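Just so we're on the same page: letters track the sequence lines, and every chain starts at 1. It should be emphasised that the depicted structure is a prediction, and the values quoted were computed from it without experimental measurement.
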Number of protein chains: 2
Amino acid sequence: MPTTSQTTTQPDIYPGTPTRILDAAEQIVQARGFNAFSYGDAAVELGITTAALHYHYPRKTDLGKALITRYASRFAARLKVLDDSHDSARARLDGYVSIYAEVLAQGKMCLCGILAAEYLTLSSDMQTAVREFFEQNEVWLSRVLEQGKADRSMNFTGEVGDIARMIISGLEGAMLVSMAYGDVERFRKVAASLTSLGN
Amino acid sequence: MPTTSQTTTQPDIYPGTPTRILDAAEQIVQARGFNAFSYGDAAVELGITTAALHYHYPRKTDLGKALITRYASRFAARLKVLDDSHDSARARLDGYVSIYAEVLAQGKMCLCGILAAEYLTLSSDMQTAVREFFEQNEVWLSRVLEQGKADRSMNFTGEVGDIARMIISGLEGAMLVSMAYGDVERFRKVAASLTSLGN
DNA sequence: GTCTATAGGCAGATAGAC
DNA sequence: GTCTATCTGCCTATAGAC
């Protein structure tokens, strides 16, 4: 495919402005929150003006929505990689934890975790997108737990949906608290305690 | 003690302005976050002007610091009640979970949980106060778990400090996610899964 | 697509009257 | 202690030139 136009959705080696805006905004939002993020912050980071930002994302909620959409689809891609690996349920659960740990290692909170804290201040389409992210995670994780239960490699008690919610909550909370300590190791230990419960 | 002056720290049946300011600010901050909270919000709620607010809490961080201090001391008082009850370790753990559930039932996130999400935007004295809250919780919960381990009413594996952090993270995360669903029952189920692991 | 310029609003904060 | 009035700054957003 010869080089022609550039779209927002495809990650590229030479990303276009929309992608670069999302990259800058994502870093700031996941570190400081959506309400503490301004077009001015991202503009300085990118060396362009806020007017240029508004050309690509007219309102702040447009940018916010795009952030969540991209984040969720990247997350889904990571989950698909885990599925395609045909690893054991246990290994996929560990891989799942590693995704969170990677984000934290970049000094960032989970995007939808930090947005959940600001939930009541978000536009309704952003709110919907945040919930969808959690549901996507719940579905995937439930399936993994179901499989671990079936092949007896896991031994959680209770319904898999409840366990999935517990693990997701635990990981989000561990990231949240770890933000106050800037300590990935702290997160890893909590995550290990959480997942070792199914042994 | 005859009625004389009024201080900020003593909760009262006829609370003075500083207390009423903290009450209004607390509700807003725990529901929407510190960055989404403004003096104007609280002023409208209280029917006074922002200038009056600044008289009692000159800078926003003064108000923030006072919020955390009061929250942490009230929390400590609740923990002391649990200790004085001489209930079993298990019952005190359940009581601990109930404190969180009560907060959530008022449509609020844990104050220090929501502040952790905004941690990097807080003044350093607010940051310190947030960390102290988590450490206070960790110390108390570790002691309860230690006792439950000793009298064999609990059966968590691993070090109590790690389990304490896991439970605190799990509860904070469950509150966080529950904010997006406005669902206390969801929180209670996750909390039950978390604490039943020690059975 | 990006710029300059600017509008309009709201934020945190202060001065001074009462 | 609370008010009115005001300052300064930053925010989101838009108009129009290039």
Would you indicate which nucleotide in [options] comes nearest to any side-chain atom of [X]?
| X | options | answer |
| --- | --- | --- |
| B:S38 | C:dC3, C:dA11, D:dC11 | C:dA11 |
| A:A51 | C:dG12, D:dA13, D:dT14 | D:dT14 |
| B:R59 | C:dC3, D:dC3, C:dA13 | C:dA13 |
| A:K60 | C:dA13, C:dC3, D:dA13 | D:dA13 |

Problem - Carboxylate-amine/guanidinium contact B:R186 A:E138, below 4.0 Å - result: yes
Distance in angstrom units between [X] [atom1] and [N] [atom2], rounded:
| X | N | atom1 | atom2 | value |
| --- | --- | --- | --- | --- |
| A:L46 | C:dC3 | CG | P | 10 Å |
| A:I21 | C:dT2 | CD1 | C1' | 11 Å |
| A:H56 | D:dT14 | NE2 | P | 15 Å |
| B:Y39 | C:dG12 | OH | C1' | 8 Å |
| B:L63 | C:dA13 | CG | C1' | 14 Å |
| B:N35 | C:dC10 | CG | C1' | 15 Å |
| B:R20 | D:dT2 | CZ | C1' | 12 Å |
| B:Y57 | C:dA13 | OH | P | 15 Å |

Problem - N/O (side chain, B:H54) to phosphate O (OP1/OP2, D:dT2) under 4.0 Å - result: no
Problem - Phosphate contact (C:dT2 OP1 or OP2) by A:T17 side-chain N/O below 4.0 Å - result: yes
Ignoring hydrogens and angles, write down the donor-acceptor pairs under 3.5 Å from the side chains of residues 166-177 of chain B, residues two or more places apart or on other chains.
residue: B:S169; atom: OG; partner: B:R165; partner atom: O; Å: 2.9

Practice task
Please determine if A:K65 forms a cation-pi arrangement with A:Y57, meaning its NZ or CZ atom is less than 6.0 Å from the six-membered ring centre and no more than 45° off the ring axis.
Solution key: no
Practice task
Please confirm whether A:K60 makes a cation-pi placement over A:F34, using NZ or CZ under 6.0 Å from the six-membered ring centre and within 45° of the ring normal.
Solution key: yes
Exercise for the section: Describe the nucleic acid contact of A:Y55 in one word from base, sugar-phosphate, nothing, applying a heavy-atom distance below 4.0 Å. Expected result: base
Exercise for the section: Remember a base hit wins even if backbone is also touched, and classify B:T49 as base, sugar-phosphate or nothing at under 4.0 Å, heavy atoms. Expected result: base
Exercise for the section: Determine whether A:Y55 and A:L53 fall in the same hydrophobic cluster, where Ile, Leu, Val, Met, Phe, Trp and Tyr are linked whenever their side-chain heavy atoms lie under 4.5 Å apart. Expected result: no
